Amino acid sequence: MAKHIIMAVTNDLATDQRVGRTCAALHEAGYAVTLVGRRLKESPRLVPRQYKCVRMRLLFRRSALFYAEYNLRLLMRLLVMRADLFYANDSDTLLACCWAARLRRKPLAFDAHELFPDVPELVGKPAVRRVWRWVESWCLPYVTVAFTVSRPVAEAYGRRYGIVMKVLRNVPVSSTPLPTTRRVGEKTMLLYQGAVNVGRGVRELIDVMNLLPDCRLTVAGDGDLLDELKDYAEKKPWGGRIEFLGRVTPERLHAITGEADLGLCLLEELGLSYQCALPNRIGDFIHAGVPILATGFEAIREVLEHYGVGTVTEACPHVKEGQAYEAYINRLADTISKTLTLWREMPGEEKERRFAEARRELCWENEKKILLEAVDAIFKRD
């Protein structure tokens, strides 16, 4: 009889590719998987999946009230659902999963997609950070197996709590890059994909477009700053070369990414979580054969320099005005121009060799072996 795995996440399941890949891999390995998330008014209808999905409607959308309601509601469900393993995605689902695992004497898996107490949104909120550090310090000793997205995050958790985490990188399933459909004479496409949140460099990209008249910027993603930055871009004389797509399906995002000339991943030094991150867009750009310009934090630098698929640059500044900021925008424009020139002049065979090697090694087929070996080992001990 198949073992039942209950996986929890706080988003609405629609665009979370990492969680979707994890659930699919476990299902294909013979486990009965149920994914629990939440449903918002604007949540799209879920495409039917191989495994069961449950979305809870909540009264609160953010702040401490949301996390309290979510974990309480989640715990009530976990206590009555058939389960052989509880799987918490990120620290905001950990408390309910830990209580359920302890009360029902079941194993607990933890998958940290980031260094949660050190995300930019919590910088400057020491009281809130202490709460999440307490949640982690209380729950992590009960974790049977733990995963995270990069070696620096694993090492940070190890130093902090003494926990050993397996690195399970957030990279796509192997695929052949889509042929570019760009029309002759069309402006060079710069692509930002991901959450439009604080510290992600979107404001800087809007400003740098003034110095790149032959380029257009596409922003694919939703987030807390989306409306504010759309208004900001619309007021610029060059705003017509900036397109905000909002939330898009993974299938459409894959197609859009294949059209880009340069993929962008610019971050501020806002908390240790960003400094340790290996954002999923790095893998998306690699599998689409798109050169990358990214902030040179440790995990990102390792990938870009090892495979030669992009250029690293300095972190975005905290202050978004004044001479220092203008100087940064000028340097960014120069770096983008030089990077585009470098890849235009690179022989096609060399470019394909670099991306082929990166795609061959940085793919979900390799990563899921780590996942399945760890989960299988839990049940072999039973």
Side-chain angles (χ1 to χ4, degrees), residues 1-39 43 45-58 67 69-113 135-136 138-149 163-166 168 170 173 250 364-365 367-382:
M1 184 176 296
K3 296 289 187 179
H4 285 71
I5 298 176
I6 309 300
M7 183 165 300
V9 67
T10 56
N11 61 46
D12 74 352
L13 316 185
T15 59
D16 194 326
Q17 297 185 64
R18 178 180 176 87
V19 172
R21 284 192 290 263
T22 302
C23 290
L26 292 169
H27 171 82
E28 291 163 5
Y31 293 105
V33 179
T34 300
L35 174 59
V36 182
R38 62 168 168 159
R39 183 182 182 89
S43 293
R45 181 180 178 183
L46 285 181
V47 176
R49 305 186 185 188
Q50 300 166 304
Y51 49 89
K52 184 179 179 181
C53 294
V54 176
R55 296 199 288 184
M56 300 183 294
R57 292 184 182 272
L58 304 177
Y67 292 111
E69 181 190 9
Y70 174 87
N71 275 275
L72 181 59
R73 294 272 301 277
L74 176 62
L75 177 60
M76 295 301 102
R77 283 182 174 269
L78 298 183
L79 291 177
V80 298
M81 296 174 73
R82 184 173 181 180
D84 298 292
L85 170 67
F86 296 105
Y87 194 121
N89 284 281
D90 276 324
S91 300
D92 50 0
T93 68
L94 186 56
L95 193 58
C97 289
C98 184
W99 269 112
R102 292 190 66 190
L103 291 171
R104 299 184 61 183
R105 298 185 179 183
K106 300 294 183 181
L108 172 63
F110 174 54
D111 195 336
H113 303 177
V135 168
E136 291 183 339
W138 188 84
C139 294
L140 291 182
Y142 299 101
V143 168
T144 309
V145 63
F147 307 97
T148 193
V149 294
I163 187 173
V164 176
M165 307 188 82
K166 299 178 183 296
L168 190 66
N170 192 5
V173 174
W364 181 244
E365 287 85 349
E367 300 302 306
K368 74 178 182 181
K369 295 175 185 176
I370 300 169
L371 168 71
L372 297 178
E373 287 175 2
V375 173
D376 289 346
I378 292 174
F379 296 115
K380 287 178 181 177
R381 291 197 294 265
D382 289 351

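Keep in mind that this is a model prediction, so the values were computed, not measured.
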field: For R73, salt bridge (charged side-chain N to carboxylate O under 4.0 Å, His left out) partners two or more places apart
entry: E69
field: Sub-4.5 Å side-chain heavy-atom contact between K166 and V145
entry: yes
message: Restricting to non-hydrogen atoms, name the atom on C53 and the atom on L46 that form the minimum distance, rounded to 0.1 Å.
response: CB-CD1, 4.0 Å
- request: Starting from the C-alpha separation in whole Å, work towards a yes-or-no answer on side-chain contact (heavy atoms from CB on, under 4.5 Å) for Y87 and T34.
  value: CA-CA 10 Å; Y87 194 121; T34 300; over 6 Å; no
query: With R39, which residues qualify under side chain to side chain donor-acceptor pair (under 3.5 Å), at least two apart?
result: none
query: Would a 4.5 Å heavy-atom cut-off, applied to side chains only, mark W99 and N71 as touching?
result: no
Partner residues of D12 under the side-chain contact (heavy atoms from CB on, under 4.5 Å) criterion, sequence neighbours left out: A14, S43, P44, R55, R247
Y67: ring pair (Phe, Tyr, Trp, His ring centres under 6.0 Å) partners, not counting sequence neighbours: W132
- line: Sequence neighbours excluded, the answer for salt bridge (charged side-chain N to carboxylate O under 4.0 Å, His left out) partners of E365 is none
Worked verdict on M7 versus V19 for side-chain contact (heavy atoms from CB on, under 4.5 Å): CA-CA 9 Å; M7 183 165 300; V19 172; 3.9 Å; yes
field: For the student: nearest non-hydrogen atoms of Y51 and G20, plus distance
entry: OH-CA, 3.5 Å
- line: Closest non-hydrogen atoms of T148 and A112, given as atom of the first, atom of the second and distance, are OG1-O, 2.7 Å
statement: R104 meets the side-chain contact (heavy atoms from CB on, under 4.5 Å) criterion, sequence neighbours left out, with L79, A83, F86, K106
Heavy-atom check, side chain of W138 versus side chain of C98, under 4.5 Å: yes
- prompt: Does a side-chain heavy-atom distance below 4.5 Å link E136 with I163?
  reply: no
- prompt: What residues, two or more places apart in sequence or in another chain, satisfy side-chain contact (heavy atoms from CB on, under 4.5 Å) together with A8?
  reply: Y70, L74, T93, C97
query: Excluding sequence neighbours, so at least two apart, what forms side-chain contact (heavy atoms from CB on, under 4.5 Å) with R105?
result: none
message: How close do I370 and F147 get, counting heavy atoms only, and between which atoms?
response: O-CE2, 4.2 Å
Sequence neighbours excluded, every pair satisfying salt bridge (Lys or Arg N to Asp or Glu O under 4.0 Å) that has a member inside residues 89-101: none
message: Rounded to the nearest 0.5 Å, what separates atom CE in M76 from atom CE in M81?
response: 13.5 Å
Residue list, side chain to side chain donor-acceptor pair (under 3.5 Å) with R21, at least two apart or on another chain: N170
message: If the condition is salt bridge (charged side-chain N to carboxylate O under 4.0 Å, His left out), which residues does E367 pass it with, not counting sequence neighbours?
response: R169
Using atom types as modelled, flag every donor-acceptor pair under 3.5 Å from a side chain in residues 22-33 to any protein atom, sequence neighbours excluded.
| unit_1 | atom_1 | unit_2 | atom_2 | d |
| --- | --- | --- | --- | --- |
| T22 | OG1 | R18 | O | 2.9 |
| Y31 | OH | D376 | OD1 | 2.4 |

- request: Could you tell me whether a side-chain N or O of T144 sits under 3.5 Å from a main-chain N or O of L108, the two making a donor and an acceptor?
  value: yes
CD1 on I5 to CG on L35, rounded to 0.5 Å: 12.0 Å
- prompt: Between L13 and G37, what is the shortest heavy-atom contact and its length?
  reply: CD2-CA, 3.7 Å
